[in-house]
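Along the sequence shown, residues carry numbers from 1.
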Amino acid sequence: MMTFQQQVAEGIPAQLPAAKPYPQDANRAPKRKDVLSVAEKQLAIRNALRYFPSAWHAELAAEFAQELNDFGRIYMYRFKPDYAIKARPISEYPAKCQQAAAIMLMIDNNLDPAVAQHPEELITYGGNGAVFQNWAQYRLTMHYLCEMEADQTLHMYSGHPMGLFPSSPEAPRVVVTNGMMIPNYSKPDDWERFNALGVTQYGQMTAGSYMYIGPQGIVHGTTITVMNAFRKVLAKGDTPKGKIFLTAGLGGMSGAQPKAGNIANCITVCAEVNAKAAIKRHQQGWVDELIDSLPALIARVKQAQAQHEVVSIAYIGNVVDVWEAFDEHDIFVHLGSDQTSLHNPWSGGYYPVGVSYDEANRLIRDEPELFKAKVQDTLKRHAAIVNKHTAKGTYFFDYGNAFLLEASRAGGEVMANNGIDFKYPSYVQDILGPMCFDYGFGPFRWVCTSGDPADLDKTDAIAAQVLQRIMREAPDEIQQQMQDNITWILDAKQNKLVVGSQARILYADAQGRAEIAQAFNDAIARGEIGPVVLGRDHHDVSGTDSPYRETSNIYDGSRFTADMAIHNVIGDSFRGATWVSIHNGGGVGWGEVINGGFGMLLDGSAEAERRLRSMLFFDVNNGIARRSWARNSEANFAIQREMARTPKLKVTLANQVADDIIAQLPLV
Ligand SMILES: NC(=O)c1ccc[n+]([C@@H]2O[C@H](COP(=O)([O-])OP(=O)(O)OC[C@H]3O[C@@H](n4cnc5c(N)ncnc54)[C@H](O)[C@@H]3O)[C@@H](O)[C@H]2O)c1
């Protein structure tokens with residue numbers, strides 16, 4: 001019997017392992033589209049066999065052909081290791097350098113069945129967010145990380161470990177690219193084809209960069225969004241208690257909405273057509289009550305309003321029915337949004353009204369054109385009823401799920417008078433962009449590599465102290481953000497958000513991130529806590545160029561460029577990141593976004609201190625500088641403040657032009 005350490009280090013095994021049955025209780029990834037010609041399928045199998053000695057080829061070729069036929073991809077199930085995959089304490093990984101051990105820990109966390117959505121297919125979240133394309137890549141990568149010394153770098157090509165290259169101790173230990181394509185080959189069907197061939201993958205944001213930490217990241221971002229949306233609509237001093245937030249979706253990310261609504265102290269009504277998804281969220285304690293009839297929902301909501309309750313209610317059914325019923329019964333909705341998966345409208349991301357869930361799924365399979373027509377009709381009806389509510393005063397925002405885009409394509413009335421913009425803002429345009437990203441606040445996170453919950457408690461306390469200290473000197477412009485983040489970190493433990501590794505997310509700005517990290521490094525040096533991995537979601541100030549989401553509040557025309565994300569990953573890589581990543585696709589789809597991130601191990605050394613200071617500074621201020629150049633006034637404020645305290649920072653500032661100079665130009 002091999003030990004865990006021997007198995008991790010083994011790589012491609014010396015003996016062909018026996019084929020294994022598919023685990024019964026696993027949540028299997030959906031079958032992928034069958035897009036390859038016979039010649040391309042031969043190429044895909046030839047590609048897969050590159051990982052193995054020729055003596056195994058005949059047997060494996062037949063098995064991989066079967067996987068390709070049955071699932072549309074070759075996952076190499078037989079090569080999944082026998083040990084339990086989960087984040088283990090860093091000391092258990094058989095590495096020659098601690099940075100490599102930290103990366104192994106993070107990879108394992110992203111494939112832990114308690115964390116990952118389809119762990120057998122190496123998918124962490126979002127339906128297609130892959131850590132690797134197949135189990136041979138996992139095995140080889142772990143093998144290389146065991147071998148790696150502090151002056152080598154492992155280059156990862158969309159899950160494939162190209163190999164260890166000599167570098168230097170200052171260089172990142174791992175460089176990750178996912179889905180990087182020649183731009184003309186970056187349409188969704190290109191992903192199907194090249195992923196099936198085994199030459200690229202969809203890394204989402206944090207899956208393919210080993211930085212996913214379970215659902216708490218989404219809960220924090222959603223809480224900030226809901227709280228600030230209420231602030232926009234309520235009179236000063238009024239509270240969200242007894243006021244309604246109406247939305248849809250209890251899936252992967254959308255399932256965070258009721259929990260966030262509870263933390264923000266409102267009544268959340270969240271419609272979900274898939275009863276299984278709603279029941280799962282209820283059992284997990286993420287939504288308080290389940291209701292499956294409209295009359296019961298109306299009665300319950302009126303009672304909650306009258307009693308100023310804080311409660312979250314899942315309605316099992318179509319969200320359009322809820323909007324219409326609330327209009328009919330005169331129930332005022334303070335906040336409205338939607339988190340159905342409209343980035344994927346024709347294959348189950350959005351369900352048409354008036355058709356049962358099972359019947360809709362039959363239509364997707366047997367009558368896709370009819371299904372599409374019904375979705376388009378529903379989108380028009382959805383837009384019309386939202387318009388009726390907003391005419392009464394509801395504040396509606398798009399949750400980055402392409403609701404407005406698809407509603408407009410279906411002919412729904414969601415365009416502004418100028419015919420270019422939408423009638424309603426996105427959550428980034430109105431909330432996260434100006435209130436958070438432009439000031440540098442974003443989803444900073446950390447993982448305690450000892451695996452000890454006591455370490456997480458200590459880091460929570462350290463982070464709270466640092467923020468409280470910074471807040472005393474902070475300008476008025478960011479007092480609210482500081483206070484929200486202090487409240488979040490003080491309540492984080494009792495909100496029970498940890499799934500998998502001992503991790504925490506906390507929105508912080510450049511100063512906050514660096515000072516928290518510095519305080520962690522000092523605590524590690526004093527032996528109070530074990531080493532800590534720092535990182536962030538890619539959904540941040542500087543990491544992501546995504547014209548309909550992270551950079552939707554950039555109005556100088558540059559939101560369709562991706563220079564910022566590329567500068568970020570290059571800049572982070574020579575300022576001390578332990579690993580860096582850059583991806584095509586994530587959240588809004590393949591070809592629609594370029595996003596990157598980093599991981600950094602703090603080990604208590606002076607070298608770690610130098611790295612964190614240099615890299616975290618750039619990682620945030622790069623994006624603030626770009627947002628300021630785009631004439632965003634909050635970012636202009638933030639970068640000027642940063643230049644005042646950092647003499648070596650010299651950023652090009654934008655001059656504002658008076659509107660009348662432009663307006664009177666004789667342009668033709
Ligand atoms: N939470 C965030 O921070 C965030 C940020 C940006 C974008 N998004 C977007 O939100 C969307 C949802 O993400 P997810 O991971 O939850 O997807 P998901 O597919 O897991 O969940 C969506 C849910 O909506 C349900 N649904 C579909 N049509 C419905 C209808 N008409 N009425 C009621 N329920 C319906 C589906 O059954 C499904 O359970 C995605 O497009 C994602 O990109 C989320």
Side-chain angles (χ1 to χ4, degrees), residues 221 224 227-228 231 428-444 463-489 506-520 534 536-537 539-545 550-551 553-556 558 563-565 567-568 571-572 575-576 598 609-657:
I224 288 185
M227 277 189 325
N228 282 312
R231 286 189 187 120
V428 174
Q429 282 177 309
D430 246 22
I431 302 168
L432 276 189
M435 295 181 183
C436 293
F437 293 164
D438 286 355
Y439 287 117
F441 288 89
F444 181 56
Q465 279 163 15
V466 170
L467 290 188
Q468 281 160 338
R469 173 169 50 74
I470 297 177
M471 187 175 165
R472 274 181 233 127
E473 313 265 292
D476 289 349
E477 284 83 349
I478 58 168
Q479 282 286 326
Q480 184 72 65
Q481 290 86 332
M482 297 297 297
Q483 185 54 56
D484 286 349
N485 296 322
I486 290 169
T487 307
W488 166 266
I489 196 74
L506 173 64
Y507 268 58
D509 65 358
Q511 182 188 12
R513 298 184 206 205
E515 294 199 16
I516 290 169
Q518 168 82 62
F520 289 170
L534 302 180
R536 59 167 172 74
D537 192 352
H539 179 271
D540 195 10
V541 181
S542 318
T544 296
D545 278 300
E550 286 78 355
T551 40
N553 73 324
I554 301 279
Y555 303 103
D556 67 350
S558 73
D563 295 311
M564 177 179 74
H567 276 278
N568 220 65
D572 283 0
R575 286 183 173 85
F598 74 89
E609 179 174 333
R610 189 193 59 74
R611 286 164 178 253
L612 76 88
R613 288 256 161 224
S614 169
M615 200 215 75
L616 292 176
F617 179 90
F618 176 76
D619 187 63
V620 181
N621 281 302
N622 169 46
I624 299 180
R626 184 272 175 107
R627 289 166 182 274
S628 162
W629 182 240
R631 292 184 288 264
N632 290 12
S633 57
E634 293 83 359
N636 186 263
F637 168 86
I639 205 70
Q640 299 220 40
R641 189 168 166 247
E642 193 61 76
M643 282 197 279
R645 64 184 167 205
T646 310
K648 283 198 189 258
L649 176 70
K650 313 264 182 219
V651 168
T652 314
L653 296 176
N655 291 298
Q656 296 284 349
V657 186

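Considering only heavy atoms from C-beta on, Leu649 comes within 4.5 Å of Phe617 through its side chain. In this structure, the side chains of Ile639 and Arg627 stay at 4.5 Å or more apart for every pair of heavy atoms. Looking only at side-chain heavy atoms (C-beta outward), His539 and Leu432 come within less than 4.5 Å of each other. Proximity of Phe441 to Ile224: side-chain heavy atoms (C-beta onward) are nowhere separated by under 4.5 Å. Counting heavy atoms from C-beta outward, Leu534 and Ile516 have side chains that stay 4.5 Å or more apart. Side chains of Glu642 and Val620 form no contact here, defined as non-hydrogen atoms less than 4.5 Å apart.
Every side chain to side chain contact (heavy atoms under 4.5 Å, CB included) that Asp430 has, sequence neighbours left out, goes to Lys232, Tyr395, Pro425. Residues satisfying the salt bridge (Lys or Arg N to Asp or Glu O under 4.0 Å) criterion with Arg631, sequence neighbours excluded, are absent altogether. Partners of Arg575 under the salt bridge (Lys or Arg N to Asp or Glu O under 4.0 Å) rule, at least two apart in sequence or in another chain, do not exist in this structure. With sequence neighbours excluded, the residues forming a side-chain hydrogen bond (donor to acceptor under 3.5 Å, both in side chains) with Asp484 are Arg231, Gln480, listed by chain and number. For Ser558, the side chain to side chain contact (heavy atoms under 4.5 Å, CB included) partners at least two apart in sequence or on another chain are Ile554, Asp556, Thr561, Arg626. Listed by chain and number, the residues in a side-chain hydrogen bond (donor to acceptor under 3.5 Å, both in side chains) with Arg641 amount to none (sequence neighbours excluded). Glu634 pairs by the side chain to side chain contact (heavy atoms under 4.5 Å, CB included) definition with Pro434, Asp438, Tyr439, not counting sequence neighbours. Qualifying salt bridge (Lys or Arg N to Asp or Glu O under 4.0 Å) partners for Glu609, counting only residues two or more places apart in sequence or in other chains: none. For Thr544, the side chain to side chain contact (heavy atoms under 4.5 Å, CB included) test picks out Met205, His538, Ser546, Glu550, Val593, Asn595, with sequence neighbours left out. Residues meeting the side-chain hydrogen bond (donor to acceptor under 3.5 Å, both in side chains) test with Asn636, sequence neighbours left out: Ser628, Gln640.
Atom CZ of Arg613 and atom CD of Gln518 lie 4.5 Å apart (nearest 0.5 Å). Here CG of Asp563 is found 10.0 Å from CG of Asn622. Values are rounded to the nearest 0.5 Å. To the nearest 0.5 Å, the span separating CH2 on Trp629 from CG on Leu653 amounts to 8.5 Å. The CZ atom of Arg536 sits 9.5 Å away from atom CG of Leu616, with the distance rounded to the nearest 0.5 Å. Distance check, rounded to the nearest 0.5 Å: OG1 of Thr487 to CE of Met482 gives 11.0 Å. The structure places CG of Asn632 at 7.5 Å from OH of Tyr555, a figure rounded to the nearest 0.5 Å.
Considering all non-hydrogen atoms of both residues, Ala514 and Leu612 come closest at O-CD1, 3.5 Å. Ser542 and Met564 make their closest contact through O-CG, 3.4 Å (heavy atoms, listed as atom of the first residue, atom of the second, distance). Residue Asn621 comes nearest to Ala510 through the heavy atom pair ND2-CB, 3.9 Å, listed as atom of the first residue, atom of the second, then distance. When every heavy atom of Val651 is checked against every heavy atom of Ala625, the shortest pair comes out as CG1-CB, 3.8 Å.
Two rings, from Phe618 and His567, have their centers 6.0 Å or more apart.
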| field | Candidate pair Asp619 and Arg513, rule side-chain contact (heavy atoms from CB on, under 4.5 Å), full reasoning | value | CA-CA 10 Å; Asp619 187 63; Arg513 298 184 206 205; 4.2 Å; yes
I'd like a table of donor-acceptor pairs (distance under 3.5 Å, sequence neighbours excluded) in which one partner is a side-chain atom from residues 466-474, with atom names and distances.
from   : atom 1 : to     : atom 2 : distance (Å)
Arg469 : NH1    : Glu515 : OE1    : 2.9
Arg469 : NH2    : Glu515 : OE1    : 3.4

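Partner of Tyr507 under the side chain to side chain contact (heavy atoms under 4.5 Å, CB included) criterion, out of Asp540, Ile489, Asn485: Asn485 alone.
The ring pair (Phe, Tyr, Trp, His ring centres under 6.0 Å) pairs that include a residue from residues 463-487 number zero, where partners must be two or more places apart or lie in different chains.
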